[in-house]
Amino acid sequence: MSDLTELGVAGLRDGIRAGKFSAREVADQFIVKVSKAKALNAFLVETPDHAIAAARAADEAVAKGETLKPLAGVPIGMKDLFCTKGVETTAASHILEGFKPVYESTVSQNLWDAGAGMLGKLNMDQFAMGSSNETSYFGNVISPWRRGGGDNAPLAPGGSSGGSSAAVSAGLCPGATGTDTGGSIRQPAAFTGISGIKPTYGRCSRWGTIAFASSLDQAGPMARDVKDCAILLENMAGFDPKDSTSLNLPVPKWEDGLSADLRGKKIGIPKDYRLDGTPAEILNLWDAGVEWLKDAGAEIVEVSLPHTKYALPAYYIIAPAEASSNLARYDGVRYGLRDLPEGANLQDMYAATRAAGFGDEVKRRILIGTYVLSAGFYDAYFTQASKVRTLIARDFEIAFSQCDLLLTPTAPSAAFALGEKSADPLAMYLNDVFTVPSSLAGLPAMSVPGGLDGAGLPLGLQIIGKPLDEQGVLNAGLAIEQRAGFVARPEAWW
Amino acid sequence: MSESTYRIHGETGEWEVVVGLEVHAQVTSNAKLFSGASTAFGAEPNSQVSLIDAAMPGMLPVPNQECIRQAVRTGMALGAVINKWSRFDRKNYFYADLPQGYQISQLFHPLVGEGSLEISLDEKNPDAEVKTIGIERIHVEQDAGKLMHDQHPTRSYVDLNRAGVALMEIVSKPDMRSPQEAGAYLAKLRSIVRYVGSCDGNMDQGSMRADVNVSVRRPGEEFGTRTETKNVNSVRFVQQVVEIEAKRQVALIESGGKVVQETRLFDPDRGETRSMRSKEDAHDYRYFPDPDLLPLELDDAFLEACRESLPELPDAKRRRYESALGLSAYNAAVLTADADTARWFEALLAESVRVAGKSESELARPAANWLISDLFGALNKLGKDLDSSPVSPVQGAELLALAADGTLSGPLAKQVFEIMLETGESAPKIVEERGLKQTSDTGAIEAVIAEILAKNPNQLEQYRGGKEALFGFFVGQTMKAMQGKANPAVVNELLKKALG
Amino acid sequence: MSVDTATVKKVASLARIAISDSDAERLAPELNNILGWIEQLGEVDTSSVQPMTAVIPNTQRLRDDVVTEGGQRDAVLANAPQGEHGFFTVPKVVE
Ligand SMILES: [Mg+2]
Ligand SMILES: [Zn+2]
């Protein structure tokens with residue numbers, strides 16, 4: 001039997017439809033692969049039964065000659081931020097250990113309704129706070145990638161969707177869900193040589209997804225190529241009356257709309273993203289990206305996003321502030337961990353539970369968020385950050401009056417070694433310098449692999465679009481994909 | 001209203017009390033403010049809890065239109081500015097009755113802005129001494145759950161049925177200067193929300209409760225430091241709190257102490273307020289806009305529909321009762337103080353018009369008098385209210401019609417009413433079956449009068465000798481002999497003739 | 001703005017996270033570092049700028065006043081660390 005795990009979402013879907021192989025064969029092969037990849041620590045929970053049930057349904061539909069659902073029999077990985085009914089959901093935090101939701105998130109339900117199956121719940125940075133997947137209570141995810149030349153230092157898969165990026169790039173699943181608050185889909189995708197898209201804020205329902213920072217959180221797919229991202233996103237997105245910030249708009253047929261012909265499109269190159277100290281390899285890739293897009297017919301224009309340097313500080317006020325409040329519900333009363341020291345009163349119980357249940361990075365952000373909202377500081381911090389956010393969104397608006405899409409690097413470096421930045425929170429935060437501005441503005445943005453650095457590690461390019469223009473983003477991503485010829489895969493060592 | 005005269009007489013001189021109220025009124029709605037769980041009172045613990053109310057991970061709020069509509073209507077009834085653009089904020093604090101760790105409320109941009117209401121301290125003449133109390137704002141927010149402390153020796157029990165129920169917080173300006181004014185304000189506010197139908201006003205079920213802000217100052221000087229006594233649940237208690245707190249503060253200041261801005265609790269059994277130390281460190285609420293919700297933008301059509309659905313409000317109704325129905329100021333005030341009373345009165349009046357075929361203005365006064373003195377008196381004795389009245393407006397109208405057309409005399413009407421209260425039967429049926437009709441049969445009355453004059457020669461002699469006050473005696477004797485059924489006017493006329 | 005250990009403890013207490021003295025001492029410079037970096041936002045002239053309210057233009061929808069949920073006590077209590085007789089329970093609160 002051929003190795004079906006070499007196929008992506010489209011290949012599996014089409015093969016099952018065409019009867020080339022059964023969905024059960026697909027599920028079985030991926031299940032085995034997942035079970036053998038424990039060294040990566042990408043999965044927190046394996047759910048073979050879920051994947052098999054979906055496969056069985058797909059195979060039955062094939063046997064009966066029924067029209068297949070859009071993702072019939074395609075097994076995927078589910079980031080552990082999505083609540084899954086009856087399946088432990090922890091956001092990689094001790095404080096939610098053992099929590100089995102009695103409900104299913106809208107995004108995961110949409111995927112199951114489309115016929116997909118779940119291979120398991122994917123590890124991540126705790127409560128999606130981190131850029132290296134080192135903040136999980138359940139251990140680091142190890143990137144399947146290694147530097148060349150016999151350097152076996154374990155590398156970060158990026159974060160917070162590090163389990164997703166590792167699993168997809170290692171071929172443990174053809175696609176996975178991610179969530180992106182300040183770059184948590186795009187940066188790990190770039191670190192592991194896969195594609196990932198964060199749609200316009202409001203495209204994917206946040207209902208049933210554990211909140212980090214509500215005004216920024218968006219779900220999106222991570223997969224091996226642009227087309228697979230389009231297919232998955234189509235089946236994740238959609239209006240949800242249960243989420244007040246959900247956009248009441250039909251979901252476009254992004255897969256059908258894919259086209260690498262960029263004639264008539266203007267691509268903006270934001271000069272403010274040319275930061276001091278950015279490695280030459282990253283800048284060179286950016287230049288290559290410009291050439292590829294020109295080759296696809298696009299016109300290149302230089303644009304300015306003058307408030308770019310303030311995006312990260314604004315983000316590190318807004319996101320922790322929202323998080324400090326969103327995470328107040330983890331108090332040991334209704335679910336999850338309870339730490340009740342001898343003789344403790346209610347408030348002592350809260351403090352003990354939260355001290356024991358939250359990891360250091362989560363605590364750090366809760367403290368920052370609590371501080372910036374506290375009496376006397378609110379205006380100087382939160383109000384100012386919200387105003388700067390307006391200015392950042394306005395920068396994009398002005399830029400988009402001169403172009404259709406923006407091209408930037410995804411991250412300022414290739415994957416770093418685990419432990420390399422974990423001692424310095426600020427250094428870690430700076431990883432999201434290119435992804436955070438578009439998050440603050442709620443814009444669709446994706447990362448596609450563009451090439452390898454000198455150490456043989458993947459580098460990604462980011463395309464940012466106007467609100468609701470996921471199609472434009474995907475199409476530019478496709479144009480780059482076709483020209484970059486990125487085929488590198490990590491060699492299996494696990 | 002004339003200059004406030006309520007003063008605390010301290011050892012060092014006179015003190016004025018300054019009062020503002022924050023009233024929490026539960027919005028009348030089927031479902032909660034942000035979830036689809038029921039608001040019904042008295043259900044099994046945790047049986048009316050949605051996953052949102054329990055703050056399960058990933059759950060999100062979506063506002064209930066009816067709660068917004070009712071708050072807007074309440075604002076309109078208070079002549080307040082309705083903010084077409086408002087938004088929800090989070091008030092962050094930790095407590096076991098607050099599953100999210102924050103209350104969704106409105107601080108920066110409330111739904112309703114400034115308004116006012118008029119209070120009067122003169123029941124007999126409500127238009128004579130009127131004082132306008134400013135409303136600062138009305139915002140919409142979630143109620144908390146309920147904790148029970150007496151079920152277990154070491155544990156408190158948490159019931160989230162109330163968690164997430166919509167409240168309107170109606171904040172007054174510090175415009176009240178006496179316990180009476182504070183009480184009148186709360187009573188008037190309760191009257192208005194009950195008219196509007198935005199809150200049932202059931203204070204004993206907690207549907208309405210007041211946080212009482214009290215400070216004292218030398219008359220005319222700057223405001224002093226205020227305390228806030230939480231969750232006071234009756235008009236009488238509000239008055240007590242104002243008085244107790246004002247006296248406590250004066251005594252404290254005069255003995256060299258300082259009032260601290262704090263939250264206090266009222267203990268009605270001991271008649272005192274005390275500091276709520278358990279919530280002391282919860283002061284830094286870290287308000288910020290709720291990122292799960294968008295700004296609330298109301299369009300003109302929505303506001304117009306709210307305005308059109310408003311009923312006639314108590315002051316307007318009271319004035320109409322006086323001018324169009326010719327009721328006394330006092331009667332009009334009594335009948336309009338509560339929406340249920342006014343509704344009952346108007347039903348009675350409408351039935352009267354139907355039964356008697358006369359105009360409202362002709363029928364209103366006897367109807368009002370009967371309702372206020374006879375029906376209220378009777379209900380009071382029975383310990384019932386209008387809702388549970390054994391006599392319906394239709395039955396009342398029938399009784400009034402029989403009195404008006406002379407079928408029943410005053411005393412007879414009272415007698416029939418007593419029977420109605422006991423049996424629930426209609427007045428015509430009682431009159432018919434028990435023969436309680438008034439008679440104007442002059443022959444029968446003359447015969448009785450002749451008998452009475454013959455039986456009381458002494459009185460007759462005295463009367464004729466000039467003691468005219470004895471006329472009443474003869475009327476009474478005649479009526480008694482006629483078992484109350486004689487037409488009093490005819491009795492008077494015939495007696496005068498007979499007595500010469 | 002400089003955050004000392006007392007402030008760290010105060011903030012941690014507001015956030016209901018128990019921390020030891022040594023935690024507070026470790027966190028103070030760390031938070032100072034982050035807050036110091038954040039403070040560059042003060043450079044931006046925002047005097048004529050409104051704070052962002054909706055990320056993507058969108059208006060708040062309102063739900064109908066219909067009871068759609070309830071009667072699911074077991075599901076609501078399913079994950080409770082402690083509960084009895086249909087209640088969540090917590091250490092006794094003295095009000
Ligand atoms: Mg209050
Ligand atoms: Zn309130």
Side-chain angles (χ1 to χ4, degrees), chain A residues 98-100 102 200-202 215-216 241 244-245 247-248 307 309-310 313-314 316-317 324 331-338 340 344-352 354-355 358 363-364 366-368 370-372 374 380-381 383-391 393 425-426 429 441-442 467, chain C residues 1 3 7-8 10-20 23-24 26-27 30-31 33-63 72 74-83 88-94:
Chain A
F99 174 63
K100 287 188 177 166
V102 295
T200 310
Y201 181 81
S215 75
L216 293 149
S244 289
T245 60
L247 292 167
N248 190 359
H307 295 91
K309 75 175 269 211
Y310 301 109
Y316 274 95
I317 290 170
S324 70
D331 60 7
V333 175
R334 296 163 314 285
Y335 43 77
L337 182 75
R338 166 179 292 195
L340 183 60
N345 67 23
L346 175 70
Q347 300 295 341
D348 298 336
M349 180 188 92
Y350 289 154
R354 292 161 62 78
F358 291 137
K363 287 181 193 169
R364 191 177 290 127
I366 290 175
L367 293 180
I368 292 171
T370 303
Y371 181 79
V372 298
S374 65
Y381 288 110
T383 307
Q384 176 73 352
S386 302
K387 288 177 170 182
V388 169
R389 193 173 181 184
T390 300
L391 291 173
L426 257 188
Y429 298 170
Chain C
M1 181 55 50
V3 177
T7 310
V8 173
K10 202 189 117 210
V11 173
S13 154
L14 257 184
R16 295 298 185 276
I17 295 175
I19 58 166
S20 64
D23 286 340
R26 177 176 53 79
L27 279 162
E30 213 172 86
L31 296 185
N33 197 20
I34 296 168
L35 291 167
W37 167 71
I38 283 171
E39 266 156 26
Q40 61 179 297
L41 275 190
E43 297 165 12
V44 187
D45 177 7
T46 54
S47 50
S48 58
V49 183
Q50 290 299 311
M52 179 179 276
T53 51
V55 186
I56 297 295
N58 195 357
T59 46
Q60 179 65 56
R61 275 170 289 103
L62 299 173
R63 71 161 76 222
Q72 49 179 356
D74 292 348
V76 165
L77 289 163
N79 282 285
Q82 189 187 70
F88 298 101
T89 57
V90 296
K92 200 176 195 76
V93 179
V94 187

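So that the names make sense, note that chain A is the first sequence line, chain B the second, and so on, each numbered from 1.
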Between [X] and chain C, with a heavy-atom cut-off of 4.5 Å, which part of the residue counts as in contact: side chain, backbone, both or neither?
| X | answer |
| --- | --- |
| Ser374(A) | side chain |
| Ala314(A) | both |
| Ala385(A) | both |
| Leu426(A) | side chain |
| Thr200(A) | side chain |

Quiz item: Can you tell which of Val90(C), Leu27(C), Val44(C) has the highest number of heavy-atom pairs within less than 4.5 Å of chain A?
Solution: Val44(C)

Quiz item: If you count heavy-atom pairs under 4.5 Å between each of Leu62(C), Val49(C), Ile19(C) and chain A, which one has the most?
Solution: Val49(C)

Ignoring hydrogens and angles, tell me if any N or O in the side chain of [X] forms a donor-acceptor pair with the backbone of [Y] under 3.5 Å.
| X | Y | answer |
| --- | --- | --- |
| Asn79(C) | Arg334(A) | no |
| Arg61(C) | Pro241(A) | yes |
| Gln384(A) | Leu41(C) | yes |
| Arg354(A) | Ala15(C) | yes |
| Thr390(A) | Gln50(C) | yes |

Quiz item: How about Leu35(C) and Tyr371(A): do any of their side-chain heavy atoms sit closer than 4.5 Å?
Solution: yes

What is the minimum heavy-atom distance between [X] and [Y], and which atoms define it?
| X | Y | result |
| --- | --- | --- |
| Gln40(C) | Tyr310(A) | O-CE2, 3.5 Å |
| Ile38(C) | Tyr316(A) | CD1-O, 3.6 Å |
| Asp45(C) | Leu391(A) | O-CD1, 4.3 Å |
| Pro81(C) | Gly336(A) | CG-O, 3.5 Å |
| Pro91(C) | Leu340(A) | CG-CD1, 3.5 Å |
| Pro425(A) | Ile34(C) | CB-CD1, 4.2 Å |

Residue among [options] with most heavy-atom pairs under 4.5 Å to chain C:
| options | value |
| --- | --- |
| Ser215(A), Gly202(A), Ala351(A) | Ala351(A) |
| His307(A), Lys100(A), Met349(A) | Lys100(A) |
| Leu337(A), Asp348(A), Leu346(A) | Leu346(A) |
| Leu247(A), Asn345(A), Thr383(A) | Leu247(A) |

So for [X], is it side chain, backbone, both, or neither that comes closer than 4.5 Å to the heavy atoms of chain A?
| X | value |
| --- | --- |
| Glu30(C) | side chain |
| Thr7(C) | side chain |
| Asn58(C) | side chain |

Self-check item: NZ/Lys92(C): more than 12 non-hydrogen atoms of other groups inside 6.0 Å
Solution: yes

Exercise. Mind checking the CD1-CD1 spacing from Ile366(A) to Ile17(C)? Nearest 0.5 Å is all I need.
Key: 4.0 Å

